[in-house]
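Throughout, protein chains are lettered first and strands after them, A, B, ... in sequence-line order, and every chain is numbered starting at 1.
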Amino acid sequence: MLKHTFCHIPGFGAGTERSLWQAGLHGWDDIFNQPNLPLSSKKEATLHSHIRESIAQLQAGNGDYFYGLLPSDQQWRLFPAFRDQVAYFDIETTGLGDPSDYITTIVLYDGRQVRSYVSGQNLGDFARDIADYRLLVSYNGKTFDAPFVRRCLGAPLDQPHIDLRYVLGSLGYRGGLKGCEQQLGIPRQGLEDIDGSFAILLWHDYQRGNAKALDTLLAYNALDVINLEILMVLAYNAKLAKTPLGLEHHLPLPTSPSLPFAADQDTIQRLRSQHGWSSY
DNA sequence: CCTCGGCATCTTTATGTAGT
DNA sequence: ACTACATAAAGATGCCGAGG
């Protein structure tokens, strides 16, 4: 998709890009073959120089270049070029950000492998592991997860970052991660009633000695992260469908790995009744 | 050349929202 | 209550071609 992108060039907005597309100039290669472009000579010069630069930067795998130039509502275009170096991630904490709050668990998924990090065990390893990836994907992670990780773990998390909250929101899907999943028909087998506040209860139950509560928490955490990949592909295809480019660039839905953790229904039921049925 | 009008892009401001 | 990201609306800038 980057090879079909022009709106990262200064002076080239959504309108100019669309008119180029509709003139049959779908990609960077077409620009050099076409003798007379529907542009002024000044714009043509900036177009040529920026496309030469873009080809080199893409070849070098430099996502920062495009991330810095793309309008924020077009960052989703980075996905296919960096899909083999993408990290889907999500954190659980003891609260929304009081100074006393801390990260309890993190799950990182790269499309192949699920890795988990637990406070008191290996949480700090996340800072090293996440640095190996060149694109981050999260839900509301730009506002919540990434600042929390920077503050508590000192990881820079300075890679390009696609926050699905805004991509899905621009497609009309709002109401949080669970709401989006529901609207798009993505199941959460056995974990449909667990949310972030219940995750706090699971953590405290684990602290009191219930090992199955941690498994349940990690199952919930991992399911969120695995579903991020499905959401990313669905959102990407939906954004693509709004362009006049062909359908040939659509991505197939990924096959999700099975959850490496088992939720314990007895623990869920007990915590539910202990804390009242009304809110859960 | 110079100015003007139309259009697209860029900037500024205010408002909204989701995470545990 | 918080945070820091986004969009939306409104205003400013600047490019480009037409016409004098």
(message) Could you measure the distance from the OG atom of A:Ser138 to the CG atom of A:Leu231? Nearest 0.5 Å is fine.
(response)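 So the OG of A:Ser138 and the CG of A:Leu231 are separated by 11.5 Å.
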(request) Please tell me which of A:Tyr166 and A:Gly97 maps to the more 5' nucleotide of DNA chain B, matching each residue to the nucleotide holding its nearest heavy atom. (result) A:Tyr166
Specify whether [X] and [Y] have parallel, tilted or perpendicular ring planes, treating 30° as the upper limit for parallel and 60° as the lower limit for perpendicular.
| X | Y | value |
| --- | --- | --- |
| A:Trp203 | A:Tyr102 | perpendicular |
| A:Trp76 | A:Tyr236 | perpendicular |
| A:Tyr117 | A:Phe126 | perpendicular |

(message) Only Watson-Crick and G-U wobble pairs with both distances less than 3.5 Å should count. Give DNA chain C in dot-bracket notation, marking inter-strand partners with |.
(response) .|||||||||.|||||||||
(message) I need the CG-P distance between A:Asn227 and B:dG19, as an integer number of Å.
(response)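 Distance, rounded to whole Å: 14 Å.
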(message) Rounded to whole Å, please give me the gap between CG in A:Asp73 and P in B:dC10.
(response) 12 Å
(message) Quick check on DNA chain C: between A:Arg174 and A:Phe144, whose nearest nucleotide comes earlier from the 5' end?
(response) A:Phe144
(request) Before accepting this row, confirm whether a basic side-chain N of the pair A:Arg272/A:Asp193 lies closer than 4.0 Å to the acidic partner's carboxylate O. (result) yes
(request) Kindly write out the residues that satisfy salt bridge (Lys or Arg N to Asp or Glu O under 4.0 Å) with A:Arg174, not counting sequence neighbours, or none if the list is empty. (result) none
(message) Below 4.0 Å from chain A heavy atoms, what is the first contacting nucleotide of DNA chain C and what is the last?
(response) C:dA1 to C:dG17
